[in-house]
Amino acid sequence: MSPDLADLWRRYKERADLRAREALLLAYLPLVRYVAGRLSIGLPSHVDQEDLESYGLFGLIEAVERFDPARGTKFETYALPRVRGAILDGIRAETWAPALRQRARQMEEAYARLEADLGRSPTDAELAAYLGITPEELARREAEVGASVVVSLEETGWQGGEGQGPLGRLVDESAPDPVQEALESERREVLARAVERLSEKERLVITLYYHEGLTTKEIAAVLGVTPARVSQLHSKAILRLRGRLSRLRSQLISP
């Protein structure tokens with residue numbers, strides 16, 4: 001932490017200096033913009049990134065108020081899940097979100113059922129036929145459900161811990177229980193196999209987004225496609241993964 005930031009934290013925490021609080025919010029505002037930029041992938045075109053940043057600002061304010069510099073934790077590490085959570089809460093509150101989540105669940109179930117029947121990932125044509133729609137309509141639906149994919153990943157039992165991506169750690173490392181470690185190893189192996197079933201471009205989008213931390217625009221530049229195409233690839237990949245993982249998760253917990 002720079003001396004200037006340390007001084008701002010001291011003034012705010014020790015003297016409740018509101019000017020120091022305002023300066024801290026301005027200093028960490030890029031964190032909100034970064035998270036909003038990453039979560040904008042797949043969202044409907046009418047959702048402006050500034051709206052997401054407005055949601056995230058509430059999370060930043062809460063983080064600044066509750067953060068204790070004396071604990072030695074980096075503020076960015078502490079604030080990121082709170083900013084992300086505030087943005088996701090804002091997305092959930094939108095009137096279009098429930099309908100999109102329902103459509104996403106329908107598509108996930110279709111992926112899972114077809115994969116169980118076929119013994120492999122279904123093609124777009126097979127999925128469209130199963131849903132009774134055209135391949136063009138399927139592509140449109142995949143592009144639309146991006147928002148619900150982002151939200152539903154937070155609600156699945158396969159995501160990582162606080163502050164980590166949905167493809168991150170699956171259990172708490174602070175509890176090195178042998179059974180838990182074996183379960184984690186099995187789940188990570190299942191996840192790796194599920195990712196391997198994706199197409200090359202879908203795997204690349206997942207890697208660049210969740211492991212390299214790139215934004216939609218940056219991924220588009222790497223792949224030489226439009227941001228809209230990246231959003232479609234991301235939505236398709238996550239729907240496939242969720243469909244497969246939900247089926248396998250049901251198998252794991254069934255008696």
> Less than 4.5 Å apart, any side-chain heavy atom of Tyr55 and any of Asp89?
Replying inline: no
> Is a side-chain N or O of Lys236 found less than 3.5 angstrom from the main chain of Ala139, in a donor-acceptor match?
Replying inline: no
>> Between Lys13 and Glu65 (side chain of the first, backbone of the second, donor and acceptor by atom type, cut-off under 3.5 Å), is there such a pair?
In response: yes
> With a 4.5 Å heavy-atom cut-off, do Trp9 and Val64 have their side chains touching?
Replying inline: yes
>> Looking only at side-chain N and O atoms, does Arg103 offer a donor or acceptor that is under 3.5 Å from a partner on Gln106?
In response: no
> Considering the options Leu214, Ile219, Leu204, which one meets the side chain to side chain contact (heavy atoms under 4.5 Å, CB included) requirement together with Tyr209?
Replying inline: Ile219
>> Contact between Leu24 and Leu5 at the side-chain level, heavy atoms closer than 4.5 Å - yes or no?
In response: yes
> Does Asp68 reach the side chain of Thr73, with side-chain heavy atoms less than 4.5 Å apart?
Replying inline: no
> Is Glu109 salt-bridged to Arg113, cutoff N-O under 4.0 Å?
Replying inline: no
> Heavy atoms, side chains only, cut-off 4.5 Å: are Leu138 and Met107 in contact?
Replying inline: yes
>> Do the side chains of Arg141 and Glu137 get close enough for a salt bridge, i.e. N-O under 4.0 angstrom?
In response: yes
>> Between the side chains of Arg240 and Asp124, is the shortest nitrogen-to-carboxylate-oxygen separation below 4.0 Å, so that they form an ion pair?
In response: yes
>> With a 4.5 Å cut-off on side-chain heavy atoms, are Asp4 and Leu8 touching?
In response: no
